Amino acid sequence: MAVADRRPSVAPRIPFWRNVNTIGILAQVVFVAVILFGVVVLVTNTLNALGRANLPADFSWLGSRAGIPIAETPIPYTPNDPYWRALLIGFLNTLKIAGIGVVLASLIGIAVGVMRLASNWLVRSIATVYIELLRNIPLAVQIVFWYTAVLLPIPPRINNPVELPGGVYLSNVGLAFPFLYPTYRFGAWIPFLVVAVAAVVIGVLWRRRLARRSERPVRVWPLPLLAAVAIAGGGYYVASLDRTLPDGLAIDFTIDRGRGVVYRDVDGDGVRGPRDPVMPFASTIVRIAEAELTASTQNITESGGVVRSTFRFPMILGRDVEQAVVAFGDPDEAAERGLEIHFTRFPSRGVVFVDRDGDGAFTPGEEIDPATLTGFGGVRLVMTVFGYERHIVADRDGQVRTPAFSPSGTVRSAEVAPAENPFSVFGAAAATATRDDVVPLVADVELRPAGPLVLSRVHVPVSSYEGGMRLTVNYLALLLALVIYTSAFIGEIVRGGIQAVAKGQREAALALGLSASQTFSLVVFPQALRIVLPPVISQYLNLTKNSSLAPLAGYGELFVIATIVQNQTGASVPVALLLIASYLFISFAFAFVLNIVNDRLALVER
């Protein structure tokens, strides 16, 4: 009887050159090898070319002195610092533009997008014109427009800033406003802040767990945030109880220059030395019993017009002095010419005029000299201040600035007292030191204890903002252009997202008795946000990368400073690699955070 062979048949082996899987793996290996070989060749040729041109191909130049002056520096910086610190300043300036720009562009874009769907024809038309106009104007043109046509020519000069509510000042130098800064007591507050943050995290997790267990809606955030505010506020009070000053805290103040430096006298010799560190954001009070300031009238062009016969002293506010008296430096000459003083902002600003109509008040046109058809230029005025007292917070470098006062009576003495030596190179001023009516210039500077934070207010001691937070015209022009340009795109994205929400959702909400505003905020917009967020992330990245157009506004962000570094060092390839790495880091950071938010907003599929 025959027995069947039940052994499984063995399939013939396919040669590797005919195996699809093997061929695919080999093809990928060959492709990667070719790419790596090309990269090696490219790098080798680049290094050889840089070597022949005697240009740096590594990053050893990062530690060399930069010598680059930068106007806006978020952290301490001088031209003597190395290149890596200058590039870090540029990177931080880019983040400063991107961070604030993203927030403002989002707020404006959402508002414009909602306006596009308004029932009011005028509101809807304004939003439509806004979007269609600004989206189609190149960003470079908008930056140049804001910088050269708006922010430079329209605001007044720094010695005549526009005073806005809240202590905010605007001029052709930029915008300045009060700001809170950390003091030497801030370290005592940090443990309480850490506990407050921990309380928020623990409270949110506990409230979410409570909501899951009870299967009822629970407000997660209010209670933890209230607890955090209470802990932080209590900690601030406790940290502020210690009213002692740090050991060795002193100030080196030169009254006739109006400059001082707050520092810690480490060696205790009473003299500021090179090893004595400065004390940033120290609170001081400067008191001067009596002093003088001088100014002369000018005919200037300001805010697109001509301002004639104007005088501008350093900014003195009414709360700074007990009394201020402004008079002509030469009263006899002023009386002979019939000159009088009209204040536009007592006691610092005003005009000199001739009361031709005899009404005892200033009338426009009386500041013009009929003989020359121009203003009364070169008329000297003297402001005498009594009881000057100003609270000044030192800046980041410990600097304290006041107007450069002169001893009271100096101008009067110089005019009435002849020089003892008529051929003296010092002229009449040489005799002023011996006059009895000159009041010595003495300043009393008091260092005051402070809490963890101190409010720094803006003042203009000479020709620049001091104190507070200062934003230059260059920064404002770039920020406005980026925000307005990007908000137009975000507005259109928001409009599309709202319209993508099913109409039945809105009708169901209205049927439940919700108002129109409740329907939008609780039903429509949360669903639209899921649709809107992915394309908005791309607009955030575009805003960040578009900040590389900063040279059009003269703002020192990363691309501008990197270009200067490249020109000075010749390290074009290393600088380009640093630029690429920096922008990739910013893009990945935005994408990482916002993708997490997008995942949290996404619908959970069953």
Side-chain angles (χ1 to χ4, degrees), residues 158-159 161 163 167 169 176-181 183-185 243-246 248-265 270-272 276-295 312-326 345-348 382-410 438-451 453-470:
I158 182 63
N159 54 11
E163 301 177 28
Y169 293 90
F177 51 90
F179 199 76
L180 287 171
Y181 288 103
T183 67
Y184 55 88
R185 296 293 305 163
R243 308 300 292 176
T244 59
L245 294 172
L249 191 65
I251 183 170
D252 180 13
F253 187 77
T254 306
I255 184 172
D256 55 345
R257 297 181 60 219
R259 292 177 176 268
V261 179
V262 182
Y263 67 99
R264 291 191 63 182
D265 191 5
V271 179
R272 179 170 176 256
D276 295 333
V278 298
M279 179 62 70
F281 310 123
S283 180
T284 67
I285 291 183
V286 179
R287 299 184 181 91
I288 301 175
E290 184 178 347
E292 283 184 354
L293 292 169
T294 60
R312 293 169 182 180
F313 291 97
M315 190 172 66
I316 301 292
L317 302 179
R319 64 173 181 265
D320 295 337
V321 296
E322 296 177 0
Q323 183 182 6
V325 178
V326 179
R345 180 68 167 81
F346 182 83
S348 299
V382 181
M383 178 197 297
T384 304
V385 298
F386 302 91
Y388 175 87
E389 179 176 322
R390 173 175 284 174
H391 175 229
I392 303 175
V393 175
D395 64 12
R396 185 177 57 202
D397 300 319
Q399 299 283 337
V400 174
R401 296 289 304 273
T402 66
F405 290 103
S406 300
S408 181
T410 300
V438 175
V439 178
L441 190 59
V442 180
D444 175 25
V445 184
E446 176 187 353
L447 293 169
R448 300 187 62 189
L453 299 175
V454 63
L455 180 63
S456 177
R457 299 183 182 275
V458 182
H459 60 284
V460 186
V462 185
S463 59
S464 62
Y465 292 126
E466 297 292 336
M469 174 65 72
R470 289 153 278 173

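Values in this document were obtained by computation on a predicted structure and should not be read as measured data. Computed from heavy atoms alone, side chains included, the values below leave out hydrogens, waters and symmetry copies.
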task: With sequence neighbours excluded, tell me which residues meet side chain to side chain donor-acceptor pair (under 3.5 Å) with R259.
output: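 R259 satisfies side chain to side chain donor-acceptor pair (under 3.5 Å) with no other residue.
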
Judged by atom type as modelled, is there a donor-acceptor pair below 3.5 Å linking the side chain of [X] to the main-chain atoms of [Y]?
X: S456; Y: F179; result: no
X: D265; Y: G270; result: yes
X: Y184; Y: A450; result: yes
X: R457; Y: G468; result: no
X: T183; Y: R185; result: yes
X: Y263; Y: G248; result: no

Show the nearest heavy-atom pair for residues [X] and [Y], with the distance to one decimal.
X: S283; Y: V454; value: CB-CG2, 4.4 Å
X: V458; Y: G467; value: CG2-O, 3.9 Å
X: L441; Y: I288; value: CD1-CG2, 4.3 Å
X: F346; Y: A324; value: CZ-O, 3.5 Å
X: R401; Y: P461; value: CB-CG, 3.8 Å
X: P347; Y: F313; value: O-CD1, 3.9 Å

message: The test is side chain to side chain contact (heavy atoms under 4.5 Å, CB included); show your working for V385 and F405 and say whether it passes.
response: CA-CA 10 Å; V385 298; F405 290 103; 3.8 Å; yes

- prompt: Hey, are the side chains of V382 and T384 touching, using non-hydrogen atoms and a 4.5 Å cut-off?
  reply: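 Yes - at least one pair of side-chain heavy atoms lies under 4.5 Å apart.
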
- prompt: Any side-chain heavy-atom pair from E290 and Y388 closer than 4.5 angstrom?
  reply: no

With rounding to the nearest 0.5 Å, note down the distance linking [atom1] in [X] to [atom2] in [Y].
X: F253; Y: I392; atom1: CZ; atom2: CD1; value: 6.5 Å
X: R312; Y: I158; atom1: CZ; atom2: CD1; value: 11.0 Å
X: H459; Y: R390; atom1: NE2; atom2: CZ; value: 5.5 Å
X: E292; Y: S408; atom1: CD; atom2: OG; value: 4.5 Å
X: I285; Y: D444; atom1: CD1; atom2: CG; value: 9.5 Å
X: M279; Y: I251; atom1: CE; atom2: CD1; value: 12.0 Å

Under the side-chain contact (heavy atoms from CB on, under 4.5 Å) test against [X], which residue among [options] passes?
X: M383; options: V321, T294, I316; value: I316
X: V278; options: R264, R272, R396, Q399; value: R272
X: P314; options: P403, S463, S348; value: P403

- request: Count the heavy atoms of every other residue, nucleotide or ligand shown that sit under 6.0 Å from CZ of R448, and state whether that count exceeds 12.
  value: no

query: Near E322 CD, under 6.0 Å, is it more than 12 heavy atoms from other residues, nucleotides or ligands?
result: no

message: Between R345 and E163, does any side-chain N to carboxylate O distance fall below 4.0 Å?
response: yes

task: Could you walk me through whether V460 and E466 pass the side chain to side chain contact (heavy atoms under 4.5 Å, CB included) test, one step at a time?
output: CA-CA 6 Å; V460 186; E466 297 292 336; over 6 Å; no

- prompt: Is the gap between the ring centers of Y169 and F177 under 6.0 Å?
  reply: no

task: Would you please say whether a donor-acceptor pair under 3.5 Å links the side chains of H391 and T284?
output: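 No, because no side-chain N or O of H391 sits under 3.5 Å from a partner of the opposite role on T284.
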
field: L455/L453 under side chain to side chain contact (heavy atoms under 4.5 Å, CB included): CA gap, chis, key distance, verdict
entry: CA-CA 7 Å; L455 180 63; L453 299 175; over 6 Å; no

- request: Begin with the C-alpha distance, continue with both residues' side-chain angles, and end with the deciding distance and a verdict on side chain to side chain contact (heavy atoms under 4.5 Å, CB included) for V262 and V400.
  value: CA-CA 7 Å; V262 182; V400 174; 3.9 Å; yes

